[in-house]
> 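I am attaching a structure below and will ask some questions about it afterwards.
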There are 2 protein chains.
Amino acid sequence: MPHDERRPARAANTAVQVRDALREAILAGEYLPGERLVEAQLCVRLEASRFNVRAALQDLAAEGLIEVQRNRGAQVRKVSMAEAVEITEVRMVVEGLIAGRAAERVTDDEAIELDEIGLLMRRAVEAGEYRRYSDLNQRLHALIRDIAGHQTADRIVETLRGQLVRHQYMLSLVPGRPQTSLPQHERIIAAIRSRDPQAAETAMRTHISSVTEALKSLKSLSYA
Amino acid sequence: MPHDERRPARAANTAVQVRDALREAILAGEYLPGERLVEAQLCVRLEASRFNVRAALQDLAAEGLIEVQRNRGAQVRKVSMAEAVEITEVRMVVEGLIAGRAAERVTDDEAIELDEIGLLMRRAVEAGEYRRYSDLNQRLHALIRDIAGHQTADRIVETLRGQLVRHQYMLSLVPGRPQTSLPQHERIIAAIRSRDPQAAETAMRTHISSVTEALKSLKSLSYA
DNA sequence: GCTGACAAAATTGTCGACAAAGTTGAGGCG
DNA sequence: CGCCTCAACTTTGTCGACAATTTTGTCAGC
């Protein structure tokens with residue numbers, strides 16, 4: 001047996017653990033955009049050596065979650081509204097690709113699953129359970145990505161999504177969004193179910209395009 | 001004056017220099033896919049400390065140019081034909097987005113520049129100067145990206161392109177390619193010039209889609 | 001001659017210490 | 001009173017050494 005399960009007194013988390021924990025923390029909003037991430041502090045907070053903290057920071061910088069400046073350390077990346085729009089635009093076309101592929105490859109079982117989520121979504125909106133609707137939204141997009149099985153596109157969408165968490169939170173507060181997006185989701189599901197790639201791509205793009213519009217309208221209201 | 005220009009005897013290249021040099025080397029084919037990159041060797045080759053070599057390797061791994069396995073070191077990433085197709089598919093939609101935006105924002109001066117490249121391309125094909133045509137191809141795509149001014153999309157396309165260098169080389173050997181792609185390029189230019197985003201996106205997608213087809217046809221011929 | 005285990009070598013992983021750069025605050029000068 | 005200078009402190013950058021792991025090589029036993 002290579003190593004003992006008990007950690008050597010003060011736990012030394014590995015680089016991967018540190019990376020995931022830190023990403024989680026940033027995405028959870030425990031560090032605000034623009035906030036400086038001091039290595040020594042992170043060592044204490046995450047119970048890891050500076051070596052591993054540093055590696056984690058480098059990874060997250062590559063993901064676009066933080067920015068590092070030479071001799072100035074790392075800080076949580078501020079994504080401007082303009083960048084948020086750009087990111088959403090790229091997501092639009094890539095998720096469109098994914099939706100189209102999902103329509104080509106969907107199995108009967110998966111089609112049933114799509115219907116189920118669609119039904120639950122409608123019920124959630126009718127019951128005013130927006131939190132639940134938001135969860136289902138994520139599940140729907142994840143399922144579509146599963147069906148498509150497009151690794152390269154997946155990775156990109158996942159990365160882009162990570163950079164937007166803060167804005168997505170703001171978006172969820174826009175009144176009337178669920179009423180707007182529910183029919184869009186239903187159209188996406190219908191297109192994939194009927195195995196029509198062209199329609200699926202168009203439906204997905206229309207959907208995310210409306211997210212972009214919502215973002216742009218927020219631009220005038222919110223900070224900056 | 002912060003530091004002397006003369007290096008301290010045995011030059012200690014910085015992490016950024018090492019990263020760029022190593023990327024260059026990999027893209028130039030000096031290291032073959034699957035080849036192991038031993039840190040100690042790279043230290044000598046690139047005249048840098050192991051610390052910087054390591055940082056560079058981590059960066060290139062994030063770019064998808066190499067793969068690192070714990071306790072097993074780094075090796076140049078082998079992209080399978082299937083992955084190459086996936087990557088090209090994503091490039092197709094993202095470059096489509098870029099082309100559409102370019103059509104929205106192109107200035108008169110830029111339009112002239114597009115025409116010039118188009119003309120040079122036609123001449124190069126007619127003269128059988130395929131090497132020159134290939135260079136112009138890159139210039140055209142770069143110019144379109146400039147016109148579009150979409151940072152997020154740019155970064156993604158650049159990353160994806162890096163992962164494909166080896167396959168692109170193979171592609172350039174497919175006989176008859178220039179004759180196929182020249183009219184496609186001309187259609188893209190025409191669409192952007194006439195400020196028709198929809199047509200520009202379609203033209204670009206058609207173009208890259210034909211690259212995907214060429215790749216797929218190579219699948220049966222080449223290795224693997 | 002082949003297979004397995006064991007030892008030796010090569011390679012990567014981790015850390016702590018020190019160097020270099022940036023930041024802040026106090027004091028003096030105009 | 002404000003601004004500049006300089007020094008102390010904070011934070012990041014770099015390295016060399018050692019530990020852990022994987023890979024390679026050898027030799028006995030079948």
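Naming convention: chains lettered A, B, ... in sequence-line order (proteins, then strands); numbering from 1 in each chain. Note that the structure is a prediction, hence the values are computed from the model and not measured. Basis for what follows: all heavy atoms, side chains included, without hydrogens, waters or symmetry-related copies.
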> What is the minimum heavy-atom distance between B/Arg177 and B/Val211, and which atoms define it?
NH1-CG2, 3.8 Å
> Assign each of B/Arg36 and A/Asn52 to its nearest nucleotide of DNA chain C by heavy atoms, then name whichever residue's nucleotide is nearer the 5' end.
B/Arg36
> To the nearest Å, how far apart are A/Asn71 CG and D/dT10 C1'?
13 Å
> Might you point out which heavy atoms bring A/Gly149 and B/Glu86 nearest each other, and give the distance in Å?
O-OE2, 3.7 Å
> Rounded to whole Å, please give me the gap between CD in A/Gln75 and C1' in C/dG22.
14 Å
> How close or far is atom C1' of D/dT12 from atom CZ of A/Arg70, stated in whole angstroms?
9 Å
> Return yes if a side-chain donor-acceptor contact under 3.5 Å exists between B/Thr14 and B/Arg19, otherwise no.
no
> Measure distances between side-chain N and O atoms of B/Arg50 and base N and O atoms of C/dG13, and say whether any donor-acceptor pair falls under 3.5 Å.
yes
> Write down the distance between CG (A/Leu57) and C1' (D/dT12), rounded to a whole number of angstrom.
11 Å
> Report the distance from atom CD of A/Gln58 to atom P of C/dG13, rounded to the nearest whole Å.
13 Å
> At under 4.0 Å, does any side-chain N or O of B/Ser49 touch on OP1 or OP2 of D/dT14?
no
> Could you state the atom-to-atom distance from CZ of A/Phe51 to P of D/dT14 in whole Å?
14 Å
> In whole Å, I'd like the distance from the CD atom of A/Gln69 to the C1' atom of C/dA21.
14 Å
> B/Arg72 or A/Arg72: which one's nearest nucleotide on DNA chain C is closer to the 5' end?
B/Arg72
> Assign B/Leu37 to base, sugar-phosphate, or nothing according to its heavy-atom contacts below 4.0 angstrom with the strands shown.
sugar-phosphate
> Write down the distance between CG (A/Asn13) and P (C/dT14), rounded to a whole number of angstrom.
11 Å
> Counting just side-chain N and O atoms, does A/Arg54 come under 4.0 Å of either OP1 or OP2 of D/dG13?
yes
> With rounding to the nearest 0.5 Å, note down the distance linking CD in A/Glu201 to CE in A/Met92.
9.5 Å
> Just checking, any donor-acceptor pair under 3.5 angstrom between side chains of B/Ser210 and B/Glu213?
no
